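A quick write-up on the structure given underneath.
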Amino acid sequence: MSDMIAEMETPVTNANPVDEALAKLQALYPEHVAADSRPGYSGLVVAPDKLVEVATTLRDELGFNYLSSVTGVDLIEENKLEAVYHIYSIDKGGSAVVLHAQTDRGNPIIPSLVPVWPGADFQEREAYDMMGIHFDGHPDLRRILMWDGFEGFPLRKDWREPFYEEEVKPFGSRWPGGDVLRAEEQNPYGKNVQYPAGWVPTGDEYEVETEMYEGVTISRDATPGLKTDKVTVNMGPQHPSTHGVFRMVITLDGETILALKPVMGYLHRNHEKIGERNTFIQNIPYTDRLDYISSMSNNHGYVMAIEKLMGLKVSERAEWIRILMVELTRLCNHFWALGFLLNDLGALQTPMLYLYIERELILDLFEATAGSRMMCNYMRFGGLAYDLPDEVRGQPTMQFLHELIHERLPRVITEFDDLITNNEIVKVRSVGVGYLSKEDAIAYSAAGPLLRASGVKYDVRKAEPYSFYSHLDFDVAVRYNGDIYDRYLVRLDEIWQSLKILRQVLPYLQETQGMSVNAEKPQYSLRSPNAGESYARVENPKGELGYYVTAKRRSGNPDRYHVRAPSFINLTPLEKMSVGYKVADVVAVLGSIDIVLGEVDR
């Protein structure tokens with residue numbers, strides 16, 4: 001470790017309250033709760049019939065009030081399905097209380113936690129859709145990524161895709177001979193479709209999404225005065241304001257929104273099944289394609305999960321370069337998020353272009369370092385693919401970074417702030433619109449700027465520090481009004497905090513020049529030394545990005561690979577933020593969440 005790090009005092013971190021909470025739960029429910037005895041696993045196994053009671057105790061009495069992640073797992077060898085919950089304390093910080101609820105695979109029923117945490121809504125629907133776990137008591141249990149009438153559960157271990165070759169890679173058709181072919185060549189068009197056994201088309205299969213529209217009728221309002229119709233319209237998926245192929249089913253009274261149901265899955269490609277077929281290292285470029293605006297940050301979370309699973313160390317220089325890359329990525333993301341939000345407010349493309357050149361300069365660094373501007377595929381287990389280049393755009397790299405971070409970025413951000421922040425139209429369209437209270441933001445599992453704009457001072461970099469963030473001086477950006485305007489301001493605040501971090505990183509990059517970016521010799525055919533589970537999370541620009549990975553002993557592939565996608569979960573409170581506002585407002589509300597459909601649909 002460098003002298004600069006050694007001279008620093010040991011950072012003060014929040015005490016981890018998890019052990020105390022686990023002990024209390026075991027004391028309160030000795031017959032229904034037990035420590036997970038599987039090698040490499042943590043947390044508690046909870047009897048399904050006591051799950052809601054245990055979760056309520058955890059929230060109300062033990063202070064673990066934030067349900068971050070719900071993961072479905074197929075334990076096919078034990079003939080069980082499992083739901084894994086990662087639950088945090090907003091006030092205490094630290095790591096998660098992990099709960100495992102297991103059920104019979106033939107009749108998989110687990111009580112819904114939506115009454116305890118509404119943020120479980122979409123995540124439970126995903127586990128139902130992909131695993132077939134029935135969450136008893138869920139208010140709207142139907143498919144969410146696949147379409148109504150889809151046959152089977154794509155993340156179960158015995159499900160086979162049309163192009164199926166083998167359970168895991170490398171496939172025998174390609175290795176060790178090195179033969180290259182496209183799976184489509186062996187599966188001609190028209191022959192690559194699977195139909196349920198005994199299925200015969202009748203025409204009724206086109207009657208889909210009927211549950212979504214149940215109870216929605218066109219009727220006259222009985223109140224005196226102007227008569228209006230209540231109508232249901234589809235906004236999207238081919239609509240420029242939905243930021244991709246995303247649809248909102250909206251019930252209107254005139255221009256006022258009465259109800260809203262998000263519809264997603266148009267970009268779904270079974271990312272997690274692909275991840276379980278892949279070797280560990282093959283998944284890195286696939287993470288680029290989740291939130292494709294933030295590929296460096298996506299890489300970071302995934303490699304951390306595998307490093308934790310396998311007990312790998314990371315070199316000091318690699319940690320500093322990782323922070324450099326992910327904080328520059330935060331700038332890139334927020335530049336676009338603010339630009340597109342203003343576009344949604346009616347400012348067209350002009351404000352986005354104010355930050356365009358500096359964003360391109362950051363992408364120039366990414367390209368010079370990783371070889372790509374968007375799909376960077378840069379981080380590796382224990383380090384990085386490459387060190388920083390000697391120069392960027394014909395300028396020595398450290399000089400380029402110093403000029404960018406100390407001069408160019410502060411100048412253009414100040415200019416943007418002066419032009420936009422107090423603009424009368426921006427404030428009229430955003431102040432008091434799309435309100436989300438502090439209590440609802442926590443209950444709905446909101447993360448990132450969406451959470452912090454509602455007055456919740458919670459940032460993974462501070463709550464559970466990773467990498468070298470505990471050695472850096474920065475503040476958690478927080479605002480308290482919970483509206484579109486405060487989400488704009490929080491992102492602007494975070495831009496300044498990222499610059500503060502980057503200024504502190506530059507001297508460490510200078511001092512560690514010449515050090516290796518890999519703690520050990522890079523390995524490309526990793527095998528998990530032990531069985532177990534791992535969950536790693538990072539504070540991505542859009543919120544908490546988490547990876548849950550399990551592996552069997554000596555396996556070269558993940559047994560379960562799950563992504564806690566902030567763009568997906570942050571859509572859970574969209575209806576609550578939109579009801580009572582106008583059609584034009586919902587465009588801005590959605591823009592203020594800042595989603596990328598590659599991450600929503602996976």
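Worth knowing before you read on, the calculation uses all heavy atoms, side chains too, and leaves out hydrogens, waters and symmetry mates. Remember, it's a predicted structure, so these values are computed and weren't measured experimentally.
- In summary, Lys92 and Glu20 do not engage in a salt bridge, as defined by a charged side-chain N under 4.0 Å from a carboxylate O.
- Below 30°, between 30° and 60°, or above 60°: for Tyr128 and His134 the angle between ring planes is above 60°, a perpendicular geometry.
- Around the NZ atom of Lys438, the shell of radius 6.0 Å holds no more than 12 heavy atoms that belong to other residues, nucleotides or ligands.
- Within the structure, no pair that satisfies the salt bridge (charged side-chain N to carboxylate O under 4.0 Å, His left out) test touches residues 106-121, not counting sequence neighbours.
- With respect to the salt-bridge test (charged N to carboxylate O, under 4.0 angstrom), the residues Asp475 and Lys462 do not qualify.
- In this structure, the side chain of Ser592 engages the main chain of Val589 through a donor-acceptor pair within 3.5 Å.
- Residues Asp74 and Leu155 fail the side-chain proximity criterion, which asks for heavy atoms closer than 4.5 Å.
- With salt bridges taken as basic N to acidic carboxylate O contacts below 4.0 Å, none links Asp493 and Arg452.
- Contact check for Tyr266 versus Arg247: side-chain heavy atoms found under the 4.5 Å cut-off.
- Side-chain contact, Arg564 with Ser68: a donor N or O sits under 3.5 Å from an acceptor N or O.
- For Arg269, the CZ atom sits in a packed shell: over 12 heavy atoms of surrounding residues, nucleotides or ligands are nearer than 6.0 Å.
- Looking at heavy atoms from C-beta onward, Pro558 lies in side-chain contact with Asn283 at the 4.5 angstrom threshold.
- Salt bridge status for Glu544 with Arg537: present, with a side-chain N to carboxylate O gap under 4.0 Å.
- Counting only residues at least two apart or in different chains, ring pair (Phe, Tyr, Trp, His ring centres under 6.0 Å) contacts with residues 95-119 are absent.
- Taking the side chain as every heavy atom from C-beta outward, Glu539 and Glu494 never approach each other to under 4.5 Å.
- We find that Glu599 and Lys542 are not joined by a salt bridge, their nearest charged nitrogen and carboxylate oxygen being 4.0 Å or further apart.
- Contact between Pro111 and Phe135 at its shortest, heavy atoms only, is O-CD2, 4.1 Å.
- Scanning for salt bridge (Lys or Arg N to Asp or Glu O under 4.0 Å) contacts around Asp601 gives an empty result, with sequence neighbours left out.
- Taking the six-membered ring where the residue is Trp, Trp159 and Phe150 present tilted rings, their angle falling between 30° and 60°.
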Next item on the list: Could you walk me through whether Asp288 and Asn298 pass the side chain to side chain donor-acceptor pair (under 3.5 Å) test, one step at a time?
Entry: CA-CA 6 Å; Asp288 290 332; Asn298 302 340; 5.9 Å; no
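- Here the shortest heavy-atom pairing between Ser467 and Glu319 reads OG-OE1, 2.7 Å.
- Each ring pair (Phe, Tyr, Trp, His ring centres under 6.0 Å) pair with one or both residues in residues 62-96, not counting sequence neighbours, appears once here: Tyr66-Tyr458, His86-Tyr535, His86-Tyr548.
- Between Val460 and Val538 there is no side-chain heavy-atom pair separated by less than 4.5 Å.
- Contacts of Asp483 classified as salt bridge (Lys or Arg N to Asp or Glu O under 4.0 Å), with partners at least two apart in sequence or in another chain: none.
- Taking the six-membered ring where the residue is Trp, Tyr466 and Tyr469 present perpendicular rings, their angle passing 60° and hence far from 30°.
- At least one side-chain heavy atom of Met264 sits less than 4.5 Å from a side-chain heavy atom of Phe246.
- Note that CD of Gln26 is 13.5 Å distant from CD of Glu31, once rounded to the nearest 0.5 Å.
- Partners of Tyr480 under the ring pair (Phe, Tyr, Trp, His ring centres under 6.0 Å) rule, at least two apart in sequence or in another chain, do not exist in this structure.
- Asp158 has no carboxylate O lying under 4.0 Å from a charged side-chain N of Arg156, or vice versa, which leaves the two without a salt bridge.
- The shortest side-chain heavy-atom distance between His32 and Val46 does not fall under the 4.5 Å cut-off.
- Listed here is the closest heavy atom pair of Leu290 and Val563: CD1-CG1, 4.1 Å.
- Using a 4.0 Å cut-off between a side-chain N of Lys or Arg and a carboxylate O of Asp or Glu, Lys157 and Glu276 qualify as a salt bridge.
- With contacts defined as side-chain heavy-atom distances shorter than 4.5 Å, the pair Gln497/Asp459 does not qualify.
- Between the side chain of Arg125 and the backbone N or O of Arg142 there is at least one donor-acceptor pair closer than 3.5 Å.
- The main-chain N or O of Ser42 is found under 3.5 Å from a side-chain atom of Glu533 such that the two form a donor-acceptor pair.
- Between Pro573 and Asn570, the shortest heavy-atom contact is CD-O, 3.2 Å.
- Note on Glu82 versus Arg560: no salt bridge recorded, every NZ/NE/NH1/NH2 to OD/OE distance being 4.0 Å or above.
- Ionic pairing of Arg330 and Glu327 is present here: one or more N-O contacts between side-chain nitrogen and carboxylate oxygen are shorter than 4.0 angstrom.
- Distance alone, capped at 3.5 Å, places no donor-acceptor pair between the Asn333 side chain and the Ser294 backbone.
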Margin query: Evaluate Tyr29 against Thr57 for side chain to side chain donor-acceptor pair (under 3.5 Å), listing each step before the verdict.
Written below: CA-CA 11 Å; Tyr29 306 97; Thr57 300; 2.7 Å; yes
